[in-house]
> 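Starting off with a structure, shown below.
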Amino acid sequence: MSFAEAVQLEYPVHGPGFTDNEIQELLSLLQSPSPSQNSGSSGSNQEVCSIDERRRRRMLSNRESARRSRWRKKRHFEDLTQQLNRLEIVNRELKNRLGSILNQSHVLWRENDRLVLESMALKARLSGLCHALVAVNAMQKSQ
């Protein structure tokens, strides 16, 4: 079993973590000798190694930061989608209530119009009855 396989078994990666290539790069950094172990190297070779190592670390850090940023963006999009769905349901319910209230209002307006006409007819009839009563009273007084 290789070192990479042993590390993978001992430290399994779950969820949206590193890709296989990134894991291999990290493992190669762990396996490569440090500058203090490489006593036969010249100073410029150590500088190139450390620059390359810093560049590689920065690249891995940037990849991880981009992965987290993509995850946050995805999560934000999912939250907005859920909010949109909730608001669409509320909007539909409010439209249904408004339609129902408008129907009730229409029924009440028609009923009110009918009652106004009935009231006018009753007032006219009452007025006619009052005139008839006055006429009957006048006839009774004159007799």
> Measure the CZ-CG distance between Arg92 and Leu87 for me, rounded to the nearest 0.5 Å.
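One gets 11.5 Å once the value is rounded to the nearest 0.5 Å.
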> Quick check on Arg114: does its CZ atom have over 12 non-hydrogen neighbours (other residues, nucleotides or ligands) under 6.0 Å away?
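Atom CZ in Arg114 is crowded, with more than 12 foreign heavy atoms closer than 6.0 Å.
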> Is any side-chain heavy atom of Ser100 less than 4.5 Å from a side-chain heavy atom of Arg97?
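Not in contact.
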> Would you check if Asn112 and Val116 make a side-chain contact, meaning some heavy-atom pair closer than 4.5 Å?
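Asn112 vs Val116: side chains touch.
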> Answer yes or no: is there a side-chain heavy-atom contact under 4.5 Å between His131 and Val134?
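When only atoms from C-beta onward are counted, Val134 and His131 do not touch, as no gap falls below 4.5 Å.
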> Less than 4.0 Å between a side-chain N and a carboxylate O, is that true for Glu53 and Arg57?
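Between Glu53 and Arg57 there is a salt bridge, with a charged N closer than 4.0 Å to a carboxylate O.
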> How far does CD of Glu111 sit from NE2 of His106, to the nearest 0.5 angstrom?
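Result: 12.5 Å between the selected atoms.
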> Do the side chains of Asp52 and Arg55 get close enough for a salt bridge, i.e. N-O under 4.0 angstrom?
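Judged by the 4.0 Å cut-off on N to carboxylate O distance, Asp52 and Arg55 do form a salt bridge.
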> Can you tell me how far apart OG (Ser65) and CG (Leu60) are? Round to the nearest 0.5 Å.
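Result: 12.5 Å between the selected atoms.
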> In the structure I gave you, are the side-chain heavy atoms of Ser61 and Glu64 within less than 4.5 Å of one another anywhere?
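Side-chain contact under 4.5 Å: no.
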> Report yes or no: does Thr81 contribute a side-chain atom to a donor-acceptor pair with the main-chain N or O of Phe77 at less than 3.5 Å?
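At least one qualifying donor-acceptor pair exists.
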> Report yes if the side chains of Asn85 and Glu88 come closer than 4.5 Å at any heavy-atom pair, otherwise no.
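When only atoms from C-beta onward are counted, Glu88 and Asn85 do touch, with a gap below 4.5 Å.
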> If you measure from CG on Leu98 to OG on Ser105, what distance do you get to the nearest 0.5 Å?
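Rounded to the nearest 0.5 Å, the CG-OG separation comes to 10.0 Å.
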> Asp79 versus Gln82: any side-chain heavy-atom pair under 4.5 Å?
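Sidechains of Gln82 and Asp79: in contact.
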> Are side-chain heavy atoms of Leu80 and His76 found at a separation under 4.5 Å?
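Yes - at least one pair of side-chain heavy atoms lies under 4.5 Å apart.
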> In Å, rounded to the nearest 0.5 Å, how long is the span from CZ of Arg72 to CZ of Arg67?
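Answer rounded to 0.5 Å: 10.0 Å.
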> Looking at CZ of Arg63 and CZ of Arg70, how far apart are the two atoms once the value is rounded to the nearest 0.5 Å?
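The distance works out to 10.5 Å.
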